[in-house]
K.L.:
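Just passing along the structure, written as structure tokens.
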Amino acid sequence: EAGVAQSPRYKIIEKRQSVAFWCNPISGHATLYWYQQILGQGPKLLIQFQNNGVVDDSQLPKDRFSAERLKGVDSTLKIQPAKLEDSAVYLCASSSPQGTGGSVEQYFGPGTRLTVT
Amino acid sequence: GESVGLHLPTLSVQEGDNSIINCAYSNSASDYFIWYKQESGKGPQFIIDIRSNMDKRQGQRVTVLLNKTVKHLSLQIAATQPGDSAVYFCAENRTGRRALTFGSGTRLQVQP
């Protein structure tokens with residue numbers, strides 16, 4: 001079974017520039033998550049999709065971050081314009097729902113390491 | 001506020017010894033807990049999970065203990081190997097909310 005794919009693996013941009021990350025979840029996984037992991041910290045949820053609908057984007061800085069999952073499969077996360085504090089690893093994860101309220105294992109991709117200079 | 005945190009940022013053990021990584025949580029509504037292992041340059045990898053109606057769960061060389069009275073979670077790794085060197089995160093989840101809340105992580109260093 002192929003895992004969660006992410007690209008690019010590394011990206012270096014200057015502040016105020018734009019950047020986009022791509023994620024392809026495990027086939028058949030309806031739930032997709034984007035996490036931000038700042039160096040030395042645990043991942044923090046940015047946005048959660050169920051198929052192509054947003055379930056939770058309460059921690060997404062919507063003035064500069066956007067995400068979409070138009071066909072309920074692949075997803076893109078965009079930052080425009082980037083700030084120095086956006087330097088982090090952006091992790092994509094997916095899971096297969098098991099009924100309402102069920103706790104399910106999330107499978108993570110390798111992440112995209114973003115450096116904003 | 002709610003939080004999931006870890007007591008020790010770095011744990012150094014000798015190869016073959018047992019390792020214990022601790023985690024405290026503050027949200028009594030949490031009912032599902034997971035331990036993840038993250039190696040350098042990789043995403044977190046699931047190790048073991050436990051639901052709040054359990055006190056202990058065992059896997060291959062790993063055991064998770066849950067003490068709901070003091071809101072404490074621990075991961076025990078038996079016969080620690082060099083390949084166990086990584087950062088370990090505990091995470092919590094509440095029924096109805098699939099996204100995870102992660103702690104800040106403990107780095108496990110295994111000395112040969």
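Within every chain, numbering begins at 1; the chains are lettered A, B, ... in the order of the sequence lines, protein sequences first and strands thereafter. No hydrogens, no waters, no symmetry mates; every other heavy atom, side chains included, goes into these values.
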K.L.:
Answer with yes or no whether the hydrophobic clustering places I26(A) together with V73(A); edges join I, L, V, M, F, W, Y residues whose side-chain heavy atoms lie under 4.5 Å apart.
P.N.:
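No.
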K.L.:
Nearest 0.5 Å please: distance from the CD atom of E105(A) over to the CD1 atom of I34(B).
P.N.:
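Output value for this atom pair is 9.0 Å.
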K.L.:
Report which part of Q45(B) has an atom under 4.5 Å of a heavy atom belonging to chain A: side chain, backbone, both, or neither.
P.N.:
neither
K.L.:
As an exercise, state the distance from NZ of K42(B) to CZ of F108(A), rounded to the nearest 0.5 Å.
P.N.:
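K42(B) NZ to F108(A) CZ: 15.5 Å, rounded to 0.5 Å.
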K.L.:
With a 4.5 Å heavy-atom cut-off, do F89(B) and Q37(A) have their side chains touching?
P.N.:
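A side-chain contact under 4.5 Å exists here.
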K.L.:
When clusters are formed by joining ILVMFWY residues with side-chain heavy atoms under 4.5 Å apart, either directly or through shared neighbours, do W34(A) and F65(A) land in the same one?
P.N.:
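W34(A) and F65(A): one cluster.
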K.L.:
Using heavy-atom distances under 4.5 Å, tell me whether Q6(A) contacts chain B through its side chain, its backbone, both, or neither.
P.N.:
neither
K.L.:
Is the F46(B)-Y107(A) ring centre distance short of 6.0 angstrom?
P.N.:
no
K.L.:
Looking at G41(B), is its backbone amide N or carbonyl O close enough to the side chain of R9(A) to form a donor-acceptor pair, meaning the two atoms are under 3.5 Å apart?
P.N.:
yes
K.L.:
For the interface with chain B, which of G42(A), G111(A), P43(A) has the highest count of heavy-atom pairs at distances below 4.5 Å?
P.N.:
P43(A)
K.L.:
Using the rule that two of Ile, Leu, Val, Met, Phe, Trp, Tyr join whenever any of their side-chain heavy atoms come within less than 4.5 Å, decide whether L32(A) and V4(A) are in one cluster.
P.N.:
no
K.L.:
Can you tell me how far the CD atom of Q48(A) sits from the CG atom of L100(B), to the nearest 0.5 Å?
P.N.:
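So the CD of Q48(A) and the CG of L100(B) are separated by 9.0 Å.
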K.L.:
In the single-linkage hydrophobic clustering (I, L, V, M, F, W, Y; side-chain heavy atoms under 4.5 Å), do I50(B) and W35(B) co-cluster?
P.N.:
yes
K.L.:
Which pair of heavy atoms, one from G43(B) and one from L91(A), lies closest together, and at what distance?
P.N.:
CA-CD2, 4.0 Å
